[in-house]
Engineer: 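For reference, the structure I am asking about is given below.
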Protein chains: 2
Amino acid sequence: MNVSRDDASTWASWFRALGDPTRVLILNLLATSGRAMSVAEIVDAVDVGQSTVSHHLKILGDVGFVLVHREGTTSWWRMNEECLDCFPTAAELVMGRLPTAAPWDESGRGSTLSKKTSARSRR
Amino acid sequence: MNVSRDDASTWASWFRALGDPTRVLILNLLATSGRAMSVAEIVDAVDVGQSTVSHHLKILGDVGFVLVHREGTTSWWRMNEECLDCFPTAAELVMGRLPTAAPWDESGRGSTLSKKTSARSRR
DNA sequence: GAGCTAAATCGAATATCGTCGATGATAGAT
DNA sequence: ATCTATCATCGACGATATTCGATTTAGCTC
């Protein structure tokens, strides 16, 4: 029934990824464009340097918000729709009703190995 | 159609409030207890100093997650259920479909004055 | 191979954040 | 009026985060 500090840290890190304006702009760009975009395209749209964009993409990729497909020297980044669909709400977070591994993350990037802890469907 | 960096900053600040383990623990405590709690009670439950708890409560209060009622020398903090109900989802955030003032905030704490920008009801 | 392009990584500067201990403010009790 | 309890605020510190410019890595073309 009680939430451990470790669990709280994991969940907080998911929301922290959404806690930076540049990352919000990047996600908005990818989500509204509805397609994969190169780093250069993103740099053009968001007003920060290339290395900064790469850095934020890595953070978003670690959490599982975005997916990347390398093709030649260019990286194609796109939204992970599955993450968008089942990302926890604030209510679920504060009620402590969350798995400790990201359910949208197929590759087990999360700390603990998941494999479909709970197949949520909302909306 | 485009999201400004200012809007992105505002929205990011809301999610950043959920991006710290101690704040998640505090919110979970208040939400699951279902009642108002004093600072001392919260300090007992969350393993950090009193000044730290006060600091986090201020951050949560600024965003509108928690409400306070002073009575004598003690402050009674409780969840703002309205905020919990209509806090934006990740999908709404990245699609840029959010008001620039917090809809759960009655007192107009948010940057821009709101007055019911959109009466959402979810769940 | 030489040159070019795209993006990741590195190193450093700066800013922000989380935490603590100490102090200050306020209300109640003796 | 003095003491006590409760909490907010202040000042400082270390740890993180954000950003930039420079460098490196990798792929493509000639």
Side-chain angles (χ1 to χ4, degrees), chain A residues 4-30 35-63 65-78 109, chain B residues 5-6 8-30 35-63 65-78 109:
Chain A
S4 74
R5 179 165 278 269
D6 274 3
D7 287 350
S9 279
T10 302
W11 303 337
S13 72
W14 299 348
F15 281 83
R16 205 178 323 141
L18 298 176
D20 177 82
T22 302
R23 285 196 289 272
V24 169
L25 288 176
I26 292 175
L27 288 176
N28 175 256
L29 184 65
L30 292 176
R35 61 184 181 87
M37 300 182 75
S38 70
V39 174
E41 277 180 297
I42 300 173
V43 170
D44 278 348
V46 181
D47 196 33
V48 291
Q50 175 261 315
S51 65
T52 301
V53 168
S54 278
H55 175 233
H56 285 302
L57 285 171
K58 172 160 181 44
I59 291 174
L60 293 173
D62 283 346
V63 179
F65 270 110
V66 296
L67 302 172
V68 62
H69 168 73
R70 324 261 173 183
E71 187 179 308
T73 71
T74 96
S75 297
W76 296 102
W77 295 86
R78 63 180 175 86
R109 251 184 310 266
Chain B
R5 178 164 278 268
D6 274 3
S9 279
T10 301
W11 303 337
S13 72
W14 299 348
F15 281 83
R16 206 178 322 139
L18 298 176
D20 176 82
T22 302
R23 284 196 288 272
V24 169
L25 289 176
I26 292 175
L27 288 177
N28 174 258
L29 184 65
L30 291 176
R35 62 185 180 86
M37 299 181 75
S38 70
V39 174
E41 277 181 297
I42 300 173
V43 170
D44 278 348
V46 182
D47 196 34
V48 292
Q50 175 261 315
S51 65
T52 302
V53 169
S54 277
H55 175 233
H56 285 303
L57 285 172
K58 172 160 179 45
I59 291 175
L60 293 173
D62 283 346
V63 179
F65 270 110
V66 295
L67 303 172
V68 62
H69 168 72
R70 323 263 173 184
E71 186 180 309
T73 72
T74 96
S75 297
W76 295 102
W77 295 86
R78 62 182 176 85
R109 251 184 310 264

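Residue numbers start from 1 in every chain, and the chains themselves are labelled A, B, ... in the order their sequence lines are given, proteins ahead of strands. Since the structure is predicted, the reported quantities are computational estimates derived from the model, not experimental observations.
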Engineer: If you define the side chain from C-beta out and look only at heavy atoms, does anything of A/L25 sit under 4.5 Å from A/D47?
Structural biologist: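 When only atoms from C-beta onward are counted, A/D47 and A/L25 do not touch, as no gap falls below 4.5 Å.
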
Engineer: Can you measure B/I59 atom CD1 to C/dT19 atom C1' for me and round it to whole angstrom units?
Structural biologist: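 It works out to 11 Å between those atoms.
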
Engineer: I'd like to check A/V63 versus A/L18 (side-chain heavy atoms, cut-off strictly below 4.5 Å). Are they in contact?
Structural biologist: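 In short, these two side chains do not touch, never coming nearer than 4.5 Å.
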
Engineer: Determine, stepwise, if the pair B/T22 / A/R5 fulfils side-chain contact (heavy atoms from CB on, under 4.5 Å).
Structural biologist: CA-CA 8 Å; B/T22 302; A/R5 179 165 278 269; 3.1 Å; yes

Engineer: Return the value, rounded to whole Å, for the distance between atom CG of B/D47 and atom P of C/dG18.
Structural biologist: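 My rounded result for the distance is 17 Å.
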
Engineer: Pairs in or reaching into residues 8-17 of chain A: which pass salt bridge (charged side-chain N to carboxylate O under 4.0 Å, His left out), with residues at least two apart or in two chains?
Structural biologist: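 Qualifying pairs, neighbours excluded: none.
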
Engineer: Are side-chain heavy atoms of A/T52 and A/V46 found at a separation under 4.5 Å?
Structural biologist: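 They are not in side-chain contact.
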
Engineer: List, with names and distances, any nitrogen or oxygen atoms from the protein found under 3.5 Å away from nitrogen or oxygen atoms belonging to nucleotides 24-30 of chain C.
Structural biologist:
none

Engineer: Rounding to an integer number of Å, can you tell me how far B/D62 CG sits from C/dC17 C1'?
Structural biologist: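 Atom CG in B/D62 sits about 15 Å away from atom C1' in C/dC17.
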
Engineer: Which whole-number value in Å describes the distance from A/R5 CZ to C/dT19 P?
Structural biologist: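 In whole Å, C/dT19 P and A/R5 CZ are 6 Å from each other.
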
Engineer: Do you know which two heavy atoms are closest between B/V24 and A/A12, and how far apart they sit?
Structural biologist: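 That closest heavy-atom pairing would be CG2-CB, 4.1 Å.
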
Engineer: Each nucleotide N or O in nucleotides 8-13 of chain C that has a protein N or O under 3.5 Å away: list the pair and distance.
Structural biologist:
{"from": "C/dA8", "atom 1": "OP1", "to": "A/R70", "atom 2": "NH1", "distance (Å)": "2.9"}
{"from": "C/dA8", "atom 1": "OP1", "to": "A/S75", "atom 2": "OG", "distance (Å)": "3.3"}
{"from": "C/dA8", "atom 1": "OP2", "to": "A/S54", "atom 2": "OG", "distance (Å)": "2.4"}
{"from": "C/dA8", "atom 1": "N7", "to": "A/Q50", "atom 2": "NE2", "distance (Å)": "2.8"}
{"from": "C/dA8", "atom 1": "N6", "to": "A/Q50", "atom 2": "OE1", "distance (Å)": "3.2"}

Engineer: Where along residues 12-28 of chain A does a heavy atom come under 4.0 Å from DNA chain C, residue by residue in number order?
Structural biologist: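 Nothing qualifies; none.
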
Engineer: Between A/V39 and A/W77, which heavy-atom pair has the shortest distance, and what is it?
Structural biologist: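 So the minimum-distance heavy-atom pair works out to CG2-NE1, 3.6 Å.
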
Engineer: How long is the line joining NE2 of B/H56 and P of D/dT9, in whole Å?
Structural biologist: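 My rounded result for the distance is 15 Å.
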
Engineer: Report the residue (A/G49 or B/E41) whose heavy-atom-nearest nucleotide on DNA chain D is the more 5′ of the two.
Structural biologist: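 On the 5' side of the pair lies B/E41.
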
Engineer: Would you check, one step at a time, whether the test side-chain contact (heavy atoms from CB on, under 4.5 Å) holds for A/L57 with A/V68?
Structural biologist: CA-CA 9 Å; A/L57 285 171; A/V68 62; over 6 Å; no

Engineer: Using the side-chain hydrogen bond (donor to acceptor under 3.5 Å, both in side chains) criterion, which residues pair with B/S54? Sequence neighbours excluded.
Structural biologist: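 Scan of B/S54 (side-chain hydrogen bond (donor to acceptor under 3.5 Å, both in side chains), adjacent residues dropped) gives B/Q50.
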
Engineer: State which residues pass side-chain hydrogen bond (donor to acceptor under 3.5 Å, both in side chains) with A/S75; sequence neighbours excluded, sorted by chain then number.
Structural biologist: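 For A/S75 the side-chain hydrogen bond (donor to acceptor under 3.5 Å, both in side chains) partners, ignoring immediate neighbours, are A/R70.
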
Engineer: Atom CE of A/M37 to atom P of C/dA6: distance rounded to whole Å?
Structural biologist: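 The answer, rounded to whole Å, is 15 Å.
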
Engineer: What closest approach, in Å, do B/F65 and B/W14 show between heavy atoms, and which atom pair accounts for it?
Structural biologist: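 Looks like CE1-O, 4.1 Å.
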
